[in-house]
Asks: 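Can you keep this structure in mind? I'll have questions shortly.
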Amino acid sequence: MTTEDSKGHAAAYRDRLEDNHLFVERLRKAEALRRTGVNPWAHGFEVTHSAADIQAGWGERTAEELETEAVEVRVAGRIRFHRRMGKASFLKLQDGSSGSVAPGGDEEEGDDFQQVFLSLDGLGEEAFTFCRGLDLGDIVGVEGTLMRTRRGELSVKASQVTLLTKSIRPLPEKFRGLTDVEQRFRQRYVDLIMNADSRRVFRARARIVKRVREFLDARGFLEVETPMMHPTPGGAAAKPFRTHHNALDMELFLRIAPELYLKRLLVGGFERVFELNRNFRNEGLSRQHNPEFTMVEFYQAYATVEDLMDLTEELVESIAVELHGRRPDGRVVVEHGGQTIDLTRPWRRVTVAESVAEHFTLTPEEVTERAWLEAEAERIGLEGIEALDSGKLLMEVFEHHVDHRLLQPTFVTQFPASVSPLARRNDENPEVVDRFELYVLGWEIANAFNELNDPEDQHLRFREQLAMREAGDDEAMPMDEDYIRALEVGMPPAAGEGIGIDRLTMLLTGTESIREVLLFPHMRPEQAGS
RNA sequence: GCGCCCUUAGCUCAAUUGGCAGAGCAGCGGACUCUUAAUCCGUUGGUUGAAGGUUCGAUUCCUUCAGGGCGCACCA
């Protein structure tokens, strides 16, 4: 790049900063530093202590003790506060330990930014003047010794300050911070700097994911990765995203579920497998739905849904205990939107028909009668009722009246076979399958069933799905011939389950929108120039 | 996809029945050697989301569009 090009680019770069004087001022400072031989975007700095390290190691020391010890430290972080006086000033640095959650501890966010004391005496004229030009948002490295201020705050008395990164765009207002929901999601990097609650949620999410892995690992489950791009979308009732492979010139679908691949692994002899990863569904967005979402699916040979209900209670309760602890009375509760949710096991177990019957103060027999179901479907405003089987009608009534009212953890069991094409029929009643969905806060958190391993029945179910597909249901599953072939080789009896990690995280972090637990939730593109 | 609501300075928010677009923080200049959202004095900063309309005059009323929030629908 020639000097002329370089000048042209500098102008173009300034233009994209919209001539905002706040941005241009900082850029001017950066350029001034460069002229004195200081690169405002440095690399590398030896850090010996985090803010949390210093608090943990010397938090109880008195001013005198600190003076005697003369502990030398090198810290680094982003300037969040800068209080300037004539010949002294204070910085508050935010580092990766700021507001961190101690392992096994509660979720209290400590305001453990590291304060730095700068003085003309300690730094000398030139360095002190340089520090006066530092802006909120700049990242600096500081070398100094620990001290306690007159007001009692443990601080680093700086002997040397190095600018590591110049920040061109100012941070939001320091008191109220960034509250605009759209900007919080679009500029998550700013949100994470400004909002301890956001940091807390994503740290909690990481612990939940880690705990799920540990839990399954401890029970002998093998973590596997199966294709994200499927030639045949299957394993769930959902509309897929389509994509295209150029070299093979073939249509592919982003997976809506890993289910059919994981069960092929049961055939292969991996008797306990799980996959914790993304699924993609081409459907509407809501507070509970994002086009891509994370689910853990696991399959256990020789187990039944009964076993998985126990396992699910144990898993979720243990994560809740890790994040929130137990109450003195031994119960495990989480607060969510003014509700107290009691996750202490065991949880209520109720069949679909029972839950509907309870809502209408009828009996399970009454709410599964065709005439009653048709009449109720009519009241809901359902169309094409005659074409729907009774199981589908029952589910419609359940979804319209019951599921969103199941606030406390509830296993809903005994689903109609017609809405569960991959589940094994109940031996006593072939019209239902041994399946459960876990509801908490009215959200479906988990879904599990005894897996259908009879290839002939599976073939029949796929054909029924095909018929529904031809009748216009674009969420009905297509036939998967290779999956049938796998079942013909022989799949051990098994139960499998999927748990929605996003919703589980919402439940355990008290958040009400899935966007709060996704680092970069799906958004429409911003308009140019904004 | 449909309905309701929101969009004003970098950020957080004001602006009376339609009558000169303002404040705090941030920034800039100045004072101040222990501050805690530091304080004090002075000061820069606006295509009021975009386009159109009504009006002598529009941040304000109307239309369309964009983005966002909430609800419904779809779904997990």
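Order of the sequence lines sets the chain letters (A, B, ...), proteins ahead of strands, with each chain counted from 1. Computed over heavy atoms, backbone and side chain alike; hydrogens, waters and symmetry mates excluded. Note that this is a predicted model, so its numbers are computed, not measured.
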Asks: What distance, rounded to whole Å, do you find between the two C1' atoms, one in B:A23 and one in B:C65?
Replies: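 About 32 Å, rounded to a whole number of Å.
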Asks: Tell me if the aromatic rings of A:Phe398 and A:Tyr439 count as close, with their centers under 6.0 Å from one another.
Replies: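 Yes, close enough.
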Asks: Within 45° of the ring axis of A:Phe113 and under 6.0 Å from its six-membered ring centre, is that where the NZ or CZ of A:Arg80 lies?
Replies: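 The answer is no, since A:Arg80 fails at least one limit relative to A:Phe113.
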Asks: Which one, B:A38, B:U33, B:G67, comes nearest to the side chain of A:Arg524?
Replies: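 Comparing B:A38, B:U33, B:G67 against the side chain of A:Arg524, the answer is B:G67.
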Asks: If stacking means aromatic ring centre less than 5.5 angstrom from the base's six-membered ring centre, planes under 30°, is A:Phe293 stacked on B:A76?
Replies: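 According to the criterion (under 5.5 Å, under 30°), yes, A:Phe293 stacks.
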Asks: What interatomic distance, in whole Å, is found between P of B:C62 and the corresponding atom of B:U16?
Replies: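 Each nucleotide's P atom is 16 Å from the other's.
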Asks: So which nucleotide does B:G22 pair with, by the Watson-Crick or G-U wobble rule with both distances under 3.5 Å?
Replies: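 Base-paired to B:C13.
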Asks: Does B:U36 have OP1 or OP2 sitting under 4.0 Å from an N or O in the side chain of A:Lys92?
Replies: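 No, A:Lys92 has no side-chain N/O under 4.0 Å of OP1/OP2 on B:U36.
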Asks: Check whether any side-chain N or O of A:Arg151 sits under 4.0 Å from OP1 or OP2 of B:U36, and answer yes or no.
Replies: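 Checking A:Arg151 against B:U36: at least one side-chain N or O falls below 4.0 Å of OP1 or OP2.
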Asks: Does any part of the side chain of A:Asn277, heavy atoms only, come nearer than 4.5 Å to the side chain of A:Arg255, both counted from C-beta?
Replies: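 Contact flag for A:Arg255/A:Asn277 side chains = yes.
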Asks: Using Watson-Crick or G-U wobble geometry with both distances below 3.5 Å, tell me the partner of B:U63, or none.
Replies: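 Partner of B:U63: B:A51.
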Asks: Could you tell me whether the phosphate oxygens of B:G69, OP1 or OP2, come under 4.0 Å of any side-chain nitrogen or oxygen in A:Arg515?
Replies: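 For A:Arg515, the contact criterion (side-chain N or O under 4.0 Å from OP1 or OP2 of B:G69) is met.
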Asks: Could you check which nucleotide pairs with B:C28 in any of the strands shown, counting Watson-Crick or G-U wobble with both distances under 3.5 Å?
Replies: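 B:C28 is paired, partner B:G42.
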Asks: Heavy-atom nearest nucleotide on RNA chain B for A:Thr149 versus A:Thr179: which residue maps closer to 5'?
Replies: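 Closer to the 5' end of RNA chain B: A:Thr179.
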Asks: OP1 or OP2 of B:G1 less than 4.0 angstrom from a side-chain nitrogen or oxygen of A:Lys239, does that happen here?
Replies: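 Checking A:Lys239 against B:G1: no side-chain N or O falls below 4.0 Å of OP1 or OP2.
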Asks: Taking only side-chain N and O atoms of A:Arg83, does any of them lie within less than 4.0 angstrom of OP1 or OP2 on B:C34?
Replies: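 Checking A:Arg83 against B:C34: no side-chain N or O falls below 4.0 Å of OP1 or OP2.
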